[in-house]
Each structure stands twice: as C-alpha cells, then as structure tokens.
Amino acid sequence: MTLKNRNACTPAIWLLAIAALHVLVPTPSRADEPAPPILNVNRCDDFTVNGKGDAAAWDSTDWVTLNRRPQGSHDYTSRIKMLYSATGVYVLFDGSDQTLTATMNEDFLDLWNEDVYECFFWTHEDDPVYFEYEISPLGFELPILIPNLDGRFLGWRPWHYEGDRKIQKAVSASGGKNQSMATVTGWRAEVFIPYALLKPLRNVPPEPGTRWRANFYRVDYDDQKSTQWDWARVGTSFHEFKKFGTLVFQ
C-alpha cells in the first residue's frame with residue numbers, strides 16, 4: 001500500500017477506534033440506580049400494642065433505617081420494625097424529634113401536612129391498588145385504599161371500620177409529654193393492621209414465601225420546615241408504587 005493510500009484509510013481507522021472506546025466507557029443508565037430494598041418479615045404470635053414497642057415479639061427482628069430524602073432540614077433518626085401473625089401485620093415506627101408538630105384531633109384528616117409516620121402495602125403487583133396508613137404523634141390515623149391508575153390516584157375510606165376490621169394503634173413520646181406542640185426527644189407509633197381490613201386485596205393473608213411490595217415514610221415539620229424519609233427511594237411523590245421495596249414473609 002502506498003503512503004497516499006495509507007493516509008486515505010486513516011479517518012476510517014480513527015472512526016473505528018472512537019466507536020470501540022465509546023463501547024468501553026460506561027454511560028449512566030437506570031441499571032446504575034440502587035436496587036429497591038428487601039425486608040424479611042418474621043412471624044409472631046399476636047400481642048397487644050401499647051405504643052412503646054416493648055413486647056417481647058419485637059426482640060425477634062432488627063430495626064430498619066429510613067433514609068432522609070433530599071433537601072431535608074432536620075437530621076433526625078427514623079426507623080421501623082415489622083412482624084406478621086395469623087391475623088394481621090404489626091409495624092413499629094421510631095424517630096428522634098424536638099417538637100410534636102401536630103394539631104389535628106380527628107381521624108381521616110390530611111395528616112401528612114403535619115408530623116406523621118406512614119406505611120404503604122401493595123400486596124399484588126398485577127393490581128394497581130395498595131393500602132396506605134398514616135398515624136400522627138397524637139394517635140390519629142388515616143387508613144385508606146388507593147387505586148392508582150396511570151398516575152391518577154385517590155384514597156377510599158374503609159367501610160364498616162369496626163370489630164375485627166379495626167386497626168389497633170398506640171403512640172408514645174420520649175423526653176416530653178405526648179401532646180400537641182410538646183418539646184420531646186422522639187416519638188413512637190405501634191400499629192396492628194388486621195387482614196380483615198385489607199379485603200379484597202390479593203395475597204392476603206400472606207404465607208411463608210409470600211411477597212408484598214411496600215414502602216415506609218416519615219414527614220416532620222419542625223420550625224415550619226419539612227423533612228421527609230423513605231425506605232425505598234421514590235421521586236417527588238410517595239405514590240410511585242413501582243419503586244417500592246419488597247417484603248418477604250418468613
């Protein structure tokens with residue numbers, strides 16, 4: 001090959017080299033995002049909740065840390081535990097705090113606008129319907145079923161919310177009184193959600209090996225500033241259910 005011909009081939013060779021380099025250099029993709037978390041849920045015998053989380057059953061499982069979401073103002077700790085029995089699921093919420101920013105004194109209000117713990121249970125991935133539960137430091141609650149159709153969602157209140165369909169709940173504060181705007185060092189909420197309330201959701205009650213998608217949240221409003229925590233990282237909305245983590249019942 002003459003020098004002239006060699007020079008004519010040079011641009012093509014460089015294009016091949018650049019293409020090969022492009023293949024070798026990783027580009028950001030959704031595959032680089034953290035995998036949604038998984039929580040193994042242990043089975044227990046039924047017990048009475050008192051808001052303190054001191055039942056012996058809780059010793060059988062570890063705390064799971066909730067992660068502070070971007071732009072959060074308060075460096076508080078937030079964590080949860082979860083168990084399940086033959087009749088329902090138990091959730092224990094715990095977090096440090098300075099002020100119980102809570103003034104609402106009824107159930108079924110917009111509790112997310114004040115201090116609150118939340119859990120969402122998506123029991124069957126073929127159905128875009130999940131259960132949402134919120135509880136305030138004063139012990140008021142919001143249990144609702146959420147149909148989420150192509151990003152359009154709205155909560156529906158339970159019917160005949162009594163008897164074996166009624167949630168058992170209790171709250172407690174540390175370092176202060178459990179009352180509106182009290183100065184504290186933290187607060188807890190302990191809830192028992194009966195399977196009877198979750199009808200007709202599928203995969204209920206769970207058996208060993210059953211998987212539910214789920215998420216856990218906290219919102220705090222100290223000093224008129226909002227801080228949020230989540231277990232599985234979601235975007236701007238807590239209702240991005242396809243990003244939820246997974247519960248595996250043991």
Side-chain angles (χ1 to χ4, degrees), residues 30-69 76-96 116-135 143 145-146 148 167-170 186 188-199 201-218 228-234 238-250:
R30 295 185 63 86
D32 296 326
E33 297 179 359
I38 297 174
L39 174 60
N40 293 325
V41 183
N42 293 337
R43 192 176 177 93
C44 68
D45 294 329
D46 283 313
F47 59 91
T48 301
V49 301
N50 61 10
K52 299 178 180 178
D54 56 7
W58 290 119
D59 295 336
S60 69
T61 192
D62 296 327
W63 286 107
V64 175
T65 300
L66 303 187
N67 306 297
R68 189 172 62 171
R69 287 165 54 78
Y76 299 149
T77 60
S78 298
R79 56 186 186 170
I80 62 100
K81 286 187 176 185
M82 185 173 174
L83 295 167
Y84 81 110
S85 72
T87 60
V89 296
Y90 293 82
V91 182
L92 177 61
F93 300 91
D94 175 81
S96 59
V116 72
Y117 291 126
E118 305 182 20
C119 58
F120 290 52
F121 297 131
W122 179 25
T123 65
H124 199 291
E125 294 187 50
D126 288 345
D127 305 322
V129 180
Y130 47 89
F131 176 76
E132 174 181 346
Y133 185 77
E134 302 185 17
I135 186 165
L145 198 65
I146 307 286
N148 192 326
I167 290 173
Q168 300 174 25
K169 57 185 174 64
R188 285 186 171 187
E190 188 177 19
V191 300
F192 169 75
I193 301 171
Y195 301 134
L197 180 63
L198 301 182
K199 294 178 180 178
L201 295 180
R202 292 192 284 176
N203 264 350
V204 179
E207 300 177 352
T210 295
R211 290 173 174 251
W212 290 0
R213 301 291 298 280
N215 217 346
F216 303 88
Y217 303 103
R218 178 189 177 188
Q228 303 174 347
W229 293 259
D230 55 20
W231 175 54
R233 181 49 41 94
V234 294
F238 285 2
H239 292 273
E240 295 178 14
F241 63 98
K242 293 183 180 180
K243 296 182 180 179
F244 285 4
T246 299
L247 306 177
V248 182
F249 294 89
Q250 302 300 295

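The shortest heavy-atom contact between G51 and A170 is N-CB, 3.3 Å. Among all heavy-atom pairs drawn from E207 and Y84, the shortest one is C-OH, 4.2 Å. Among all heavy-atom pairs drawn from W231 and N67, the shortest one is O-ND2, 3.4 Å. Considering all non-hydrogen atoms of both residues, Y195 and G88 come closest at CE1-N, 3.1 Å. Closest approach of V49 to V191, counting heavy atoms only: CG1-C, 4.2 Å. Scanning all heavy atoms of the two residues, the minimum distance from C44 to A57 falls at CB-CB, 4.2 Å.
A distance of 6.5 Å separates CD of Q168 from OH of Y90, quoted to the nearest 0.5 Å. Atom-to-atom distance recorded for R233:CZ and N215:CG is 9.5 Å, nearest 0.5 angstrom. To the nearest 0.5 Å, the span separating CD1 on I80 from OH on Y217 amounts to 12.5 Å. How far OH of Y130 is from CG of L201: 12.0 Å, rounded to the nearest 0.5 Å. Taking CD from E125 and CZ from R211, the interatomic distance works out to 9.5 Å, rounded to the nearest 0.5 Å. Annotation: the span from L39 atom CG to L247 atom CG amounts to 5.5 Å, rounded to 0.5 Å.
Screening residues 34-44 for side-chain hydrogen bond (donor to acceptor under 3.5 Å, both in side chains) gives N40-Q250 as the qualifying pairs, with residues at least two apart or on separate chains.
Within a 6.0 Å sphere centred on CG of D59, other residues, nucleotides and ligands contribute more than 12 heavy atoms.
For R213 and W122, the positive end is not near the middle of the six-membered ring at less than 6.0 Å and at most 45° from its axis.
In this structure, Y133 has its ring center at least 6.0 angstrom away from the ring center of F121. Taking the six-membered ring for Trp and the full ring otherwise, F249 and W212 have centroids separated by under 6.0 Å.
For the pair F244/P36, no side-chain contact is recorded, criterion being any heavy-atom separation below 4.5 Å from C-beta on. In this structure the side chain of R218 never reaches within 4.5 angstrom of the side chain of F93, judged on heavy atoms. Residues V234 and R69 have side chains in contact (heavy-atom distance under 4.5 Å, counting atoms from C-beta outward). Contact check for L83 versus W58: side-chain heavy atoms found under the 4.5 Å cut-off.
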D46/S85 under side-chain hydrogen bond (donor to acceptor under 3.5 Å, both in side chains): CA gap, chis, key distance, verdict: CA-CA 6 Å; D46 283 313; S85 72; 2.6 Å; yes
Stepwise side chain to side chain contact (heavy atoms under 4.5 Å, CB included) check, F216 with V91: CA-CA 10 Å; F216 303 88; V91 182; 4.1 Å; yes
Step-by-step side chain to side chain contact (heavy atoms under 4.5 Å, CB included) determination, I193 to C119: CA-CA 11 Å; I193 301 171; C119 58; 4.2 Å; yes
Step-by-step side chain to side chain contact (heavy atoms under 4.5 Å, CB included) determination, R188 to K52: CA-CA 7 Å; R188 285 186 171 187; K52 299 178 180 178; 5.6 Å; no
CA sep, side-chain torsions, deciding dist, call: Y117, L66, side chain to side chain contact (heavy atoms under 4.5 Å, CB included): CA-CA 11 Å; Y117 291 126; L66 303 187; 5.7 Å; no
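Remark: side-chain polar atoms of R79 are not paired, donor with acceptor, to backbone N or O of D94 under 3.5 angstrom. Here the side chain of S96 pairs a donor or acceptor atom with the backbone of T77 at under 3.5 angstrom. Remark: the backbone N or O of N50 is paired with a side-chain donor or acceptor of E190 at under 3.5 angstrom. Without hydrogens or angle criteria, N148 side chain to F241 main chain gives no donor-acceptor distance under 3.5 Å.
Remark: D126 engages H124, R202 in a side-chain contact (heavy atoms from CB on, under 4.5 Å) (not counting sequence neighbours).
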